[in-house]
Amino acid sequence: MPELPEVETTRRGIEPHLLGHRVTGLVIRQRRLRWPIPRALDHTLPGQIIRGVRRRAKYLLLDTDVGTAILHLGMSGSLRLVPRDTPVGKHDHVDIQLDSGLSLRLTDPRRFGALLWTTEPAEQHELLAELGPEPLSDAFDGAHLCNAAHGRKLAVKQFIMDSHIVVGVGNIYASEALFMAGIHPTRQAGRIACARYDALAKCIKQVLAASIKMGGTTLRDFVGGDGQPGYFKQTLRVYDRLGEPCHTCGAPIRGKRIGQRSSFYCVNCQR
DNA sequence: ACTGGCTCCTGAGGGC
DNA sequence: TGCCCTCAGGAGCCAG
């Protein structure tokens with residue numbers, strides 16, 4: 001479900017309810033997520049005060065004085081703040097109970113998400129150490145893409161979705177950014193001019209920033225940490241618009257599977 | 001070193 | 001109503 005804008009929307013929604021608050025209890029109903037939730041969390045997190053609510057790529061980081069909880073929402077995960085005694089649903093796997101009487105509740109039907117724990121600086125954790133730059137940072141630009149693309153033969157869409165190249169570009173925004181930049185999604189990454197990568201980097205920043213501003217994309221039932229839906233879906237130009245007219249030229253939007261992921265593009269506007 | 005394919009899991013929707 | 005198939009917003013892992 002969540003792409004970077006949804007994760008950032010969630011972060012902003014939950015942060016004011018967590019920062020400076022003490023964890024009073026931890027309820028784990030289902031330990032088997034993508035990786036088992038480590039037992040170390042059970043007796044270390046309760047009692048701790050949340051000192052930071054950060055995001056790196058699509059990982060949410062909850063800092064305490066003794067370690068950092070690393071959360072990932074996978075395809076179908078969401079976080080909500082609920083009163084402690086709120087009835088539990090089938091896929092409500094974890095409650096982090098807070099001194100305010102609220103609980104941060106992790107719901108994830110498909111269980112592709114994760115909840116891990118590290119006592120090192122989180123950015124040194126093996127899942128985070130090798131990640132590429134944040135797309136909205138100055139470290140990410142066209143030159144970075146152009147350098148990294150040198151000699152690469154895979155489709156540019158798969159290239160920009162590789163978190164070692166740049167983080168946070170998921171399946172929706174990859175299609176959207178390539179349309180905005182006028183680049184065909186199957187073009188080989190190493191056969192794109194640097195000037196076009198400048199445009200693509202700008203489009204990636206633009207589409208992600210715009211989506212964050214609107215609270216993320218609601219495809220089915222995404223809600224941010226404050227329970228409000230996102231409003232970006234209505235602005236999507238190509239994603240999930242198979243056969244509908246291109247907003248620029250009117251040609252029907254085409255669909256194709258690229259690297260096992262559905263992709264959408266306009267054959268006239270993207271080369 | 002790259003690349004493509006597979007994998008985890010549940011639920012929704014379409015065809016019959 | 002039910003069965004079977006395909007697909008879904010992620011991304012680590014593995015063989016070739």
Side-chain angles (χ1 to χ4, degrees), chain A residues 1-10 29-37 55-60 70-79 89-94 106-116 125-132 135 147-178 185-191 204 207-208 211-212 214-224 229-242 255-264:
Chain A
M1 167 191 296
E3 294 211 25
L4 185 142
E6 289 73 18
V7 178
E8 179 60 22
T9 298
T10 297
R29 304 181 188 87
Q30 169 59 275
R31 203 172 279 275
R32 299 179 65 83
L33 303 183
R34 175 158 196 177
W35 300 282
I37 297 173
R55 178 187 60 75
R56 172 71 171 111
K58 294 172 189 168
Y59 294 95
L60 287 167
I70 302 174
L71 270 158
H72 198 290
L73 299 177
M75 290 269 267
S76 58
S78 63
L79 288 169
K90 189 177 175 184
H91 303 297
D92 295 339
H93 306 313
V94 178
L106 173 66
T107 306
D108 186 2
R110 290 177 74 179
R111 289 194 272 128
F112 289 173
L115 172 54
L116 299 172
H125 189 273
E126 56 180 9
L127 288 175
L128 306 187
E130 306 297 324
L131 293 175
N147 290 337
H150 185 73
R152 301 291 300 268
K153 289 192 161 72
L154 81 170
V156 62
K157 176 163 181 277
Q158 291 171 278
F159 174 69
I160 61 172
M161 288 179 68
D162 180 347
S163 63
H164 299 99
I165 304 301
V166 56
V167 302
V169 182
N171 200 38
I172 299 175
Y173 300 112
S175 277
E176 293 299 306
L178 287 165
T186 61
R187 182 169 288 275
Q188 286 187 6
R191 298 187 152 226
I204 288 170
V207 71
L208 292 175
S211 182
I212 289 171
M214 299 186 74
T217 302
T218 295
L219 281 184
R220 292 195 176 83
D221 55 357
F222 172 80
V223 289
Y231 292 100
F232 196 69
K233 183 176 179 3
Q234 54 210 20
T235 77
L236 294 178
R237 292 166 161 89
V238 288
Y239 186 84
D240 209 19
R241 294 194 63 239
L242 180 64
K256 183 181 175 67
R257 290 192 80 75
I258 302 173
Q260 282 85 260
R261 308 301 298 276
S262 62
S263 308
F264 301 89

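Chain letters run A, B, ... following the sequence lines, proteins first and then strands; every chain starts at 1.
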Please tell me if A/His91 has a side-chain N or O lying less than 4.0 Å from either OP1 or OP2 of B/dG11.
yes
Ignoring backbone atoms, establish whether A/Arg261 has a side-chain N or O less than 4.0 Å from OP1 or OP2 of C/dA8.
no
Please give, in whole Å, the distance from C/dG10 C1' to A/Arg110 CZ?
9 Å
Report yes if some heavy atom in the side chain of A/Asp108 is under 4.5 Å from a heavy atom in the side chain of A/His91; otherwise report no.
no
State whether A/Arg152 places a side-chain N or O below 4.0 Å from either non-bridging phosphate oxygen (OP1 or OP2) of B/dT3.
yes
Taking OP1 and OP2 of C/dG10, is either one under 4.0 Å from a side-chain nitrogen or oxygen of A/His72?
no
Under 4.0 Å from OP1 or OP2 of C/dG9: is there any side-chain N or O of A/Ser175 that close?
no
Distance-only donor-acceptor test (3.5 Å): side chain A/Arg111, base B/dC9
no
Of A/Lys58 and A/Glu126, the one whose closest nucleotide on DNA chain C sits nearer the 5' end is A/Lys58
So, is A/Lys90 close to the B/dG11 phosphate, meaning a side-chain N or O under 4.0 Å from OP1 or OP2?
yes
What is the separation between atom NZ on A/Lys157 and atom C1' on C/dG10, rounded to the nearest whole Å?
12 Å
Say you pick atom P in B/dT3 and the same atom in C/dG9; how far apart are they, in whole Å?
22 Å
Please confirm whether the backbone N or O of A/Arg187 pairs with a side-chain atom of A/Arg191, one donor and one acceptor, at under 3.5 Å?
no
Can a donor-acceptor pair be found, under 3.5 Å and without considering hydrogens, that links the side chain of A/Glu3 to the backbone of A/Val169?
no
Students often get this wrong, so: under 4.0 angstrom with heavy atoms, is A/Gly259 touching a base, only sugar-phosphate, or nothing?
nothing
Nearest-angstrom distance from the residue atom CD of A/Glu130 to C1' of B/dA1
14 Å
Round to a whole Å and report the spacing from CD1 of A/Ile70 to C1' of C/dG10.
16 Å
Nearest-Å distance, OH (A/Tyr59) to C1' (C/dG9)?
15 Å
Could you tell me whether A/Phe159 contacts a base, only the sugar-phosphate backbone, or nothing, with contacts defined as non-hydrogen atoms closer than 4.0 Å?
nothing
Using a cut-off of strictly less than 4.0 Å, decide whether A/Ser76 has a side-chain nitrogen or oxygen near OP1 or OP2 of B/dC9.
no
Watson-Crick or G-U wobble partner of B/dC9, both distances under 3.5 Å:
none
Report the distance from atom CZ of A/Phe112 to atom P of C/dA8, rounded to the nearest whole Å.
13 Å
Ignoring backbone atoms, establish whether A/Tyr239 has a side-chain N or O less than 4.0 Å from OP1 or OP2 of C/dA8.
no
Should A/Leu178 and A/Ile160 count as side-chain neighbours, where that means a heavy-atom distance under 4.5 Å?
yes
Complementary nucleotide for B/dG4 - Watson-Crick or wobble, under 3.5 Å:
C/dC14
What closest approach, in Å, do A/Lys58 and A/Leu4 show between heavy atoms, and which atom pair accounts for it?
CE-N, 3.7 Å
NA contact type, A/Leu127, heavy-atom cut-off 4.0 Å: base, sugar-phosphate, or nothing?
sugar-phosphate
Any idea which heavy atoms bring A/Ile37 and A/Gln30 closest together, and the distance?
CD1-O, 3.8 Å
Starting the side chain at C-beta, find the nucleotide from C/dA8, C/dG10, C/dG12 nearest to A/Met161.
C/dG10
Measure the distance from CD on A/Glu6 to P on C/dA8 and round it to the nearest whole Å.
17 Å
Whole-Å distance, A/Gln260 CD to C/dG12 P, equals 16 Å
